[in-house]
There are 4 protein chains.
Amino acid sequence: MPSTGKATPKRDELVDIASKLFYEQGFGATGIKQIIETAGIAKGTFYSHFSSKEEVGLAWLRKRHTQWNNWLQEKLSASKHPKGKILALFDFLEQWMQESNFRGCAFLNSLSEFPDPESPIRQEIESHKRGLQEAIQALTSQHYAEKPSSFASHKGTIIFLLFEGALIESQNFRKVWPITAARKEIKSLLAVER
Amino acid sequence: MPSTGKATPKRDELVDIASKLFYEQGFGATGIKQIIETAGIAKGTFYSHFSSKEEVGLAWLRKRHTQWNNWLQEKLSASKHPKGKILALFDFLEQWMQESNFRGCAFLNSLSEFPDPESPIRQEIESHKRGLQEAIQALTSQHYAEKPSSFASHKGTIIFLLFEGALIESQNFRKVWPITAARKEIKSLLAVER
Amino acid sequence: MPSTGKATPKRDELVDIASKLFYEQGFGATGIKQIIETAGIAKGTFYSHFSSKEEVGLAWLRKRHTQWNNWLQEKLSASKHPKGKILALFDFLEQWMQESNFRGCAFLNSLSEFPDPESPIRQEIESHKRGLQEAIQALTSQHYAEKPSSFASHKGTIIFLLFEGALIESQNFRKVWPITAARKEIKSLLAVER
Amino acid sequence: MPSTGKATPKRDELVDIASKLFYEQGFGATGIKQIIETAGIAKGTFYSHFSSKEEVGLAWLRKRHTQWNNWLQEKLSASKHPKGKILALFDFLEQWMQESNFRGCAFLNSLSEFPDPESPIRQEIESHKRGLQEAIQALTSQHYAEKPSSFASHKGTIIFLLFEGALIESQNFRKVWPITAARKEIKSLLAVER
DNA sequence: AATGAATGAGCCTTCATTCAT
DNA sequence: CATGAATGAAGGCTCATTCAT
């Protein structure tokens with residue numbers, strides 16, 4: 001009956017509405033009341049789709065993970081070579097931050113609201129970021145094809161960390177300079193050390 | 001006529017108690033009730049020291065800023081040269097994350113809970129991070145004394161972003177590898193490009 | 001046009017499922033949701049068999065009344081003489097309480113949940129207990145055949161009240177001593193005063 | 001701060017208001033909303049006096065225990081001899097049921113609402129009834145001073161069970177005949193078997 | 001028949017804050 | 001200065017019931 005997590009058009013719509021609010025205001029700062037009023041439904045209806053607030057939170061991050069990856073892949077696909085793709089990563093970040101009005105990353109934003117590392121939401125955050133790191137490392141492996149894999153792996157980690165640092169400081173300062181600085185550094189890094 | 005923010009021993013004690021709770025549980029997840037019960041005081045007493053919850057939050061971050069800087073300077077003072085100090089920055093980060101059980105940075109953790117960039121707390125976060133960035137840039141300026149200042153400034157920004165990225169991903173994965181990877185990269189970066 | 005109360009196999013099955021839950025948890029503490037989930041049916045299906053929760057409650061007590069009486073008669077039929085049957089009443093009570101884990105009497109348990117004495121459920125409770133009292137009085141009339149009927153009737157009432165008292169206190173203390181004490185008293189009472 | 005269970009005039013008043021509602025409607029059927037509206041206070045005020053609904057329930061039964069015992073002792077004190085006191089017990093019961101409009105016993109009424117025998121409320125019910133049983137046994141011990149104590153103890157139990165049976169069936173039928181029948185039986189029982 | 005989404009009043013509880021003492 | 005009772009909106013969630021499919 002309710003909350004098996006099966007996707008339905010209505011449930012999907014609710015996830016979208018909740019997602020917008022969660023992303024803009026934070027998970028804790030968003031109440032079920034606000035969600036249902038925005039959606040124009042009754043309390044009980046909401047709880048026939050989700051068993052708890054945390055479940056919508058989970059659905060939010062899971063859907064976001066997919067959408068975000070799709071968006072990213074689309075941006076990267078414009079470049080042919082790994083180097084171009086890596087730099088496109090930072091173009092993507094810049095565009096994203098500007099369009100979202102520097103609201104930052106839904107996953108990092110949720111990190112501090114869920115102190116228990118065993119919670120499903122924390123698992124989701126971790127797996128999302130692991131996915132990003134692996135994607136970047138796949139690109140550096142291609143780029144540094146003639147270098148030892150440990151070297152490429154290390155560089156991938158560094159780019160990942162620069163991406164994360166640029167992301168969060170762009171959010172903090174509401175400026176793009178952390179992103180452009182990181183991009184610049186990576187560009188020369190990729191050129192020089194091949 | 002309460003809460004002009006003047007420092008008193010009692011107020012200081014309350015800030016310390018609240019700080020611990022805010023840091024461990026998050027600002028939003030910590031209630032005034034919990035603070036006063038931990039402190040063993042009455043509601044009214046609390047509100048004679050602070051005019052609102054947000055004011056304690058502000059006091060928390062302001063005090064944290066000072067303490068954190070002191071702690072950092074102490075760690076850095078063990079090294080003589082700027083390069084050593086920069087690397088010590090990451091040793092400090094590693095120690096901090098381990099001792100805090102990977103709870104992360106009080107300022108970054110508060111970022112998502114205060115979406116309004118004009119809020120006093122956001123100002124505090126921004127100024128704290130600006131301070132860190134400037135401190136790092138002061139060190140890179142010394143290290144790269146013979147290079148153009150724009151170069152040193154850029155490298156300082158990069159180190160700052162790596163610090164932030166390593167910090168937040170160490171929190172996310174509850175592991176030190178992001179920190180050690182960043183440290184390793186910076187070590188070679190500082191050696192090679194002088 | 002649902003819920004005229006006509007017996008069907010499906011309705012009967014639902015009554016059985018609801019009965020178990022009502023008896024174990026109480027009428028008020030059991031939700032329709034739990035009933036339909038246990039039965040594996042939809043809300044609407046439930047309401048095509050019953051017009052309201054109270055109707056299932058009524059069906060529960062009516063069916064219980066029949067089953068309980070059958071069970072009791074079966075136990076009593078093992079004894080030939082009224083005296084034996086009366087004592088068997090308390091053996092039955094002891095067995096019942098132990099097997100039900102001292103959950104008590106479905107009718108007495110419902111008494112406090114329905115304060116309105118005019119409600120159908122209260123009528124059901126009253127008629128059930130009246131039936132028990134009359135059954136006991138029929139036995140005492142046989143036993144005291146040579147005594148005035150008012151005497152037998154009085155003794156029947158006393159045995160009924162002892163049964164009820166033993167029942168509820170056995171439930172309260174989760175022990176059989178109230179039942180064995182009552183049985184002992186009645187045994188000597190029936191022997192002496194003939 | 002709140003809900004240490006310490007008695008204050010306001011808390012006492014709230015317990016009285018809640019008690020009336022719990023007794024008339026049942027614990028589960030009475031909402032906090034109704035209690036606070038009757039008392040003319042705000043939700044938060046209620047929860048500054050009690051930490052949970054169950055705590056008021058507990059306070060209700062504890063206070064009732066004391067009041068009921070006082071009331072009973074007062075009634076019994078009018079009789080000098082144990083026999084008179086025992087009979088007065090049933091006069092008391094009759095008066096009580098009539099005055100309460102046959103609402104029955106607060107403790108027995110709560111029995112079915114708390115299936116867990118380890119719950120504090122069940123403990124309270126049990127201890128209340130144990131107290132009554134012991135009080136009755138104290139009287140039978142005096143009455144049967146020249147008989148073996150086991151005899152007196154047994155008779156005490158029987159009187160206790162008759163009391164309970166008369167109580168609950170008086171509630172069920174909303175009549176006094178169960179009480180007068182029990183009283184009559186006990187009167188002859190006490191006279192004959194000395 | 002059977003489904004299950006939808007309702008909205010209601011559940012118990014916590015929130016940050018105020019203010020008379 | 002400190003107290004803690006009082007506020008009432010809001011928190012997340014469950015209830016019995018209805019009804020279009």
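What you see is a predicted model, and the numbers here were worked out from it, not measured in a lab. Just so we're on the same page: letters track the sequence lines, and every chain starts at 1.
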Student: What I want to find out is whether A:Arg174 reaches B:Glu118 closely enough, with some N-O distance under 4.0 Å, to be called a salt bridge.
Tutor: no
Student: Write down the atom of B:Phe46, the atom of B:Ile41, and the distance for their closest heavy-atom approach.
Tutor: N-CD1, 3.8 Å
Student: On DNA chain F, check which nucleotide each of D:Ile41 and C:Thr30 is closest to and give me the residue with the more 5' one.
Tutor: D:Ile41
Student: Does either side chain, that of D:Gln34 or that of D:Thr30, offer a donor lying less than 3.5 Å from an acceptor on the other one?
Tutor: no
Student: Calculate the interatomic distance between D:Gln34 atom CD and E:dA9 atom P; express it in whole Å.
Tutor: 18 Å
Student: Using whole Å, what does the distance between atom P of nucleotide F:dC15 and atom CZ of C:Phe27 come to?
Tutor: 13 Å
Student: Dump the intermediate steps for side-chain contact (heavy atoms from CB on, under 4.5 Å) on D:Asp16 and D:Glu13, then the final yes or no.
Tutor: CA-CA 5 Å; D:Asp16 288 344; D:Glu13 188 199 325; 5.6 Å; no
Student: Between C:Phe46 and A:Lys33, which residue's closest nucleotide on DNA chain F lies nearer the 5′ terminus?
Tutor: A:Lys33
Student: Got a donor-acceptor contact below 3.5 angstrom from the B:Asn109 side chain to the B:Arg103 backbone?
Tutor: yes
Student: Between the protein and nucleotides 19-21 of chain E, which nitrogen or oxygen pairs come in under 3.5 angstrom?
Tutor:
none

Student: Looking only at side-chain N and O atoms, does D:Ser48 come under 4.0 Å of OP1 or OP2 in F:dG4?
Tutor: no
Student: List the atom of D:Arg11, the atom of D:Ala59, and the distance in Å for their closest heavy-atom pair.
Tutor: NH2-CB, 3.8 Å
Student: According to the interplanar angle, ranging from 0 to 90°, do the rings of D:Phe27 and D:Trp60 count as parallel (below 30°), tilted (30 to 60°) or perpendicular (above 60°)?
Tutor: parallel
Student: Round to the nearest Å and state the distance from D:Ile36 atom CD1 to F:dA5 atom C1'.
Tutor: 15 Å
Student: Give the intermediate values and the outcome of side-chain contact (heavy atoms from CB on, under 4.5 Å) for residues D:Leu61 and D:His128.
Tutor: CA-CA 9 Å; D:Leu61 293 183; D:His128 170 74; over 6 Å; no
Student: For the pair C:Leu108 and C:Lys129, evaluate side-chain contact (heavy atoms from CB on, under 4.5 Å) and give the outcome as yes or no after the intermediate values.
Tutor: CA-CA 9 Å; C:Leu108 293 187; C:Lys129 289 301 184 187; 3.6 Å; yes
Student: Can you check the B:Glu54 CD to E:dC15 P distance for me, whole Å?
Tutor: 18 Å
Student: Starting from the 5' end of DNA chain E, give me the residue, D:Ala29 or A:Lys10, whose nearest nucleotide shows up first.
Tutor: A:Lys10
Student: For the helix from E:dA2-F:dT21 to E:dT21-F:dA2, what angle lies between the axis at the first five pairs and the axis at the last five pairs, to 10 degrees?
Tutor: 0°
Student: In this structure, how many angstroms lie between the C1' atom of E:dT17 and the CD1 atom of B:Ile32, rounded?
Tutor: 9 Å
Student: Could you state the CZ-C1' distance from B:Arg11 to F:dC1, rounded to the nearest angstrom?
Tutor: 16 Å
Student: Round to the nearest Å and state the distance from B:Phe50 atom CZ to F:dA2 atom C1'.
Tutor: 15 Å
Student: Report yes if at least one side-chain N or O of A:His49 is closer than 4.0 Å to OP1 or OP2 of E:dG4; otherwise report no.
Tutor: no
Student: Closest nucleotide of DNA chain E for A:Thr8 versus for D:Gly31: which of these residues is on the 5' side?
Tutor: A:Thr8
Student: B:Lys53 has an atom NZ; how far is it from atom P of E:dT14, in whole Å?
Tutor: 15 Å
